[in-house]
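Chain naming here is simple, since letters A, B, ... match the order of the sequence lines and numbering starts at 1 in each.
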Amino acid sequence: MSAPVPHDPDVLLDYAYGELAPANARALELHLQGCEACSRSLASIKSVRQTMAKLPSEAVPEAGLESLLAYAGQSARRAQSGDSALPRKWSALFAPLAGALALGLLVVVGVEVSKSTELKRFPQHEQEEAAATPERPAEISPAPEAAAPSPPDIAGADRAPAPKTSVAKKRAAEPAPSSEAAGSEGGFASSSSGAGFGRAADSALPSVSAGSGGMAAPAQSPLAARGSRAPSAKELGSPSVSDDRRPEPAAALRSRDFAEATHKSARTESESAAVAKAEARREDRDSLDIANRVEAEGGAPSSALPASSASAPRDNPPAGLGGTASGISARRPTSADIAPPAPQPATAPSAMPVPETQEGSVSLPALQGAARSARQLGHRPEEISKWKAVLAAGARGPARSEALAGLCEGKAGPGGRTEQEVFCGALLREFPHHPAAMKWKAEQGR
Amino acid sequence: MLAFKRGDARGFELLVNRHRATVFNFIFRLAGQRQRAEDLLQETWLRVVRGAPQYEPRARFTTWVYTLARNLCIDSARKESFRRTESLDAPAGREADGPLLGESLPDTANPGPERGAHQAGLRPLLEQALRSLPEEQREVFLLREFHGFAFKEIAEVTGTPENTVKSRMRYALEGLRRKLDALGVDGEPVEDARTVNG
């Protein structure tokens with residue numbers, strides 16, 4: 001160290017703690033003899049040190065010493081055997097491998113599960129998108145009176161023009177497997193036909209029907225959807241309403257093709273989301289589907305679900321319903337409901353059996369209450385009509401099961417056993433554990 | 001330490017026996033709470049065990065151990081700062097109606113003759129004076145005064161330049177002098193001074 005700088009506090013500190021070199025220390029001592037300030041500073045330092053030196057030591061705790069020594073001994077043994085580094089190397093090597101393996105397994109399982117799930121759902125997906133779309137415009141504003149659809153029968157519906165979907169377009173290039181298929185694909189849901197669900201779908205959700213590509217939800221009619229439900233029901237092992245009624249329609253074949261096509265195509269998340277959405281809407285569509293079928297297959301028109309006929313007075317549209325008279329005005333409005341309804345030609349051919357109900361504007365709980373009251377009073381026809389109205393109003397979950405059970409149980413209504421069986425079948429398919437469904441199944445077994 | 005690194009458990013035992021008490025005192029004075037100091041002491045030595053395979057004798061073993069201890073104290077103080085801090089207005093005990101913490105401290109305004117620097121109450125006064133220092137000054141003072149670390153070694157432990165260490169030491173000494181004066185503690189020389197002259 002160089003010669004100490006006079007009045008340098010650091011030098012004083014070094015000197016006080018004995019860190020100053022002997023030569024410098026001697027020089028500083030000479031300086032201190034003539035410098036009172038430095039002497040005072042040094043005295044202050046010494047005073048504080050002497051005072052603080054009286055602070056006694058704290059007793060060190062014995063707790064933990066044994067365990068510490070044991071741990072150290074164990075560590076020392078590992079170090080001695082030299083195996084401490086080896087496991088680390090192996091673990092460093094195997095940890096990523098094991099992680100990658102687990103991840104791969106997870107991906108494989110996920111893909112398999114997704115495959116199996118979508119195989120079951122895609123046929124439904126097609127129909128659900130189709131069935132969901134026509135429901136919407138009914139709540140917005142009533143269509144022109146001239147556009148009131150006349151209720152066609154099932155056969156007429158089958159001959160109706162096909163919806164403009166990507167699948168339909170794809171199939172249009174191929175030869176129809178049968179005349180029925182051709183008729184079906186001719187399209188009853190064409191936007192130009194202006195009748196029934198197909199028109200409603202086009203008017204309410206133009207983007208869905210026009211812009212659907214690939215896996216996008218096509219705007220299909222409920223009939224096509226009904227046809228496409230057949231393979232799905234088979235896969236699920238549950239009886240299909242369509243199967244026991246008539247031969248597999250072309251729509252079913254088409255939906256099968258659609259399923260194959262979709263199976264081949266890459267599944268994206270948006271597609272899965274669309275499937276999930278469609279699944280959520282399935283029950284709504286089913287209610288309309290069943291109601292339509294019953295009406296078309298000879299079910300007696302009821303006050304609750306009056307089947308609009310070609311001769312139906314067009315100057316008396318159902319209250320609260322749109323021009324399509326879909327009987328679904330009780331549904332909650334969706335964003336698609338905002339879309340303005342397309343103008344509908346007055347001479348629109350009837351394409352679909354559309355249940356109409358005077359209770360279209362009545363709330364679902366009110367309909368349920370009316371049905372229950374009718375049951376308590378023993379008015380079976382009225383009860384049936386109310387339950388049908390509940391179904392047509394888009395009942396879901398318990399309300400739907402109750403309605404189906406109400407239509408399934410008891411004495412056959414005006415529609416006869418056939419109609420009752422349809423509802424029972426639907427109940428069994430959708431709510432297999434429902435007491436009424438199980439009872440009906442047992443009866444069928446006998 | 002090198003012996004322990006090679007697998008000699010007795011080497012570690014020797015180290016513990018030699019340094020455990022001083023390391024504990026350093027931690028205790030720095031952390032301020034006995035229970036916390038015990039935990040930190042255990043953690044410090046556990047880190048010594050875990051760090052033995054990577055230990056390189058580039059500096060004194062004590063420098064390394066005190067560095068570990070100091071860092072643990074700082075981490076603990078940071079965690080503690082997030083917790084509720086006791087106020088002088090808060091009850092000292094668990095009882096809500098107990099004496100206030102400020103009341104339990106020595107009467108610094110009127111140090112009577114019974115509270116002289118050489119009386120039995122000297123220790124809490126010295127501890128209070130020490131606690132009054134900022135942490136960075138306190139650690140320097142402790143390492144220099146009670147553990148014999150040279151300023152250069154303190155600079156290694158604290159990771160600060162030596163000049164900064166000396167500056168902090170001067171501030172610490174000055175702060176202690178003022179605090180001791182305020183507490184009425186004089187600086188009579190004692191024969192059994194414990195401080196280390198380096």
Atom pair CG/CG of A:Leu55 and B:Leu125 - distance to nearest 0.5 Å: 11.0 Å
Straight-line distance of B:Asp181 CG to A:Ser47 OG, nearest 0.5 Å: 7.5 Å
Please step through side-chain contact (heavy atoms from CB on, under 4.5 Å) for the pair B:Phe12 and A:Leu68, ending with a clear verdict. CA-CA 10 Å; B:Phe12 180 78; A:Leu68 178 67; 4.0 Å; yes
Donor-acceptor check, side chain of B:Asn25 to backbone of A:Glu58, threshold 3.5 angstrom: yes or no? yes
Return the minimal non-hydrogen interatomic distance between B:Phe24 and A:Ala59, and the atom names on each side. CE2-O, 3.4 Å
For a 4.5 angstrom cut-off between non-hydrogen side-chain atoms, does A:Met52 reach B:Leu180? yes
Pair B:Arg144-A:Glu19, salt bridge (Lys or Arg N to Asp or Glu O under 4.0 Å): steps then yes or no: CA-CA 11 Å; B:Arg144 174 65 263 193; A:Glu19 292 192 21; 2.3 Å; yes
Side chain, backbone, both or neither: which part of A:Leu12 has a non-hydrogen atom closer than 4.5 Å to chain B? neither
Tell me, for B:Arg29 versus chain A, whether the close heavy atoms (under 4.5 Å) come from the side chain, the backbone, both or neither. side chain
Under 4.5 Å, heavy atom to heavy atom: which of residues 38-49 of chain B reach chain A? Give them by number, or say none. B:Glu38, B:Leu41, B:Gln42, B:Trp45, B:Leu46, B:Val49
Are more than 12 heavy atoms from other residues, nucleotides or ligands located less than 6.0 Å from atom OH of B:Tyr171? no
Quick one: of B:Lys152, B:Glu13, B:Arg34, B:Arg10, who has the most non-hydrogen atom pairs under 4.5 Å with chain A? B:Arg34
Using the ring-ring contact (aromatic ring centres under 6.0 Å, His included) criterion, which residues pair with B:His19? Sequence neighbours excluded. B:Phe61
I need the A:Lys54 NZ to B:Leu122 CG distance, nearest 0.5 Å. 6.0 Å
Top contributor to chain A contacts, counting heavy-atom pairs under 4.5 Å, from B:Ala37, B:Ala129, B:Ala21, B:Gly11: B:Ala21
State, with a plain yes or no, whether a side-chain heavy atom of A:Val60 is found less than 4.5 Å away from one of B:Val23. no
List in chain and number order the residues that pass side-chain contact (heavy atoms from CB on, under 4.5 Å) with B:Glu174, two or more places apart in sequence or in another chain; answer none if no residue qualifies. B:Arg177, B:Arg178
Tell me every residue that passes side-chain hydrogen bond (donor to acceptor under 3.5 Å, both in side chains) with B:Arg70, counting only those two or more places apart in sequence or in another chain. B:Glu139
Working note: B:Phe151 + A:Asp10, criterion side-chain contact (heavy atoms from CB on, under 4.5 Å); need CA distance, chi angles, decisive distance, verdict. CA-CA 11 Å; B:Phe151 291 119; A:Asp10 283 355; over 6 Å; no
Is B:Arg50 reaching over with its side chain to a backbone N or O of A:Ser75, donor-acceptor style, under 3.5 angstrom? no
Please name the pair of heavy atoms, one in A:Val48 and one in B:Leu173, separated by the smallest distance, quoted to 0.1 Å. CG2-O, 3.7 Å
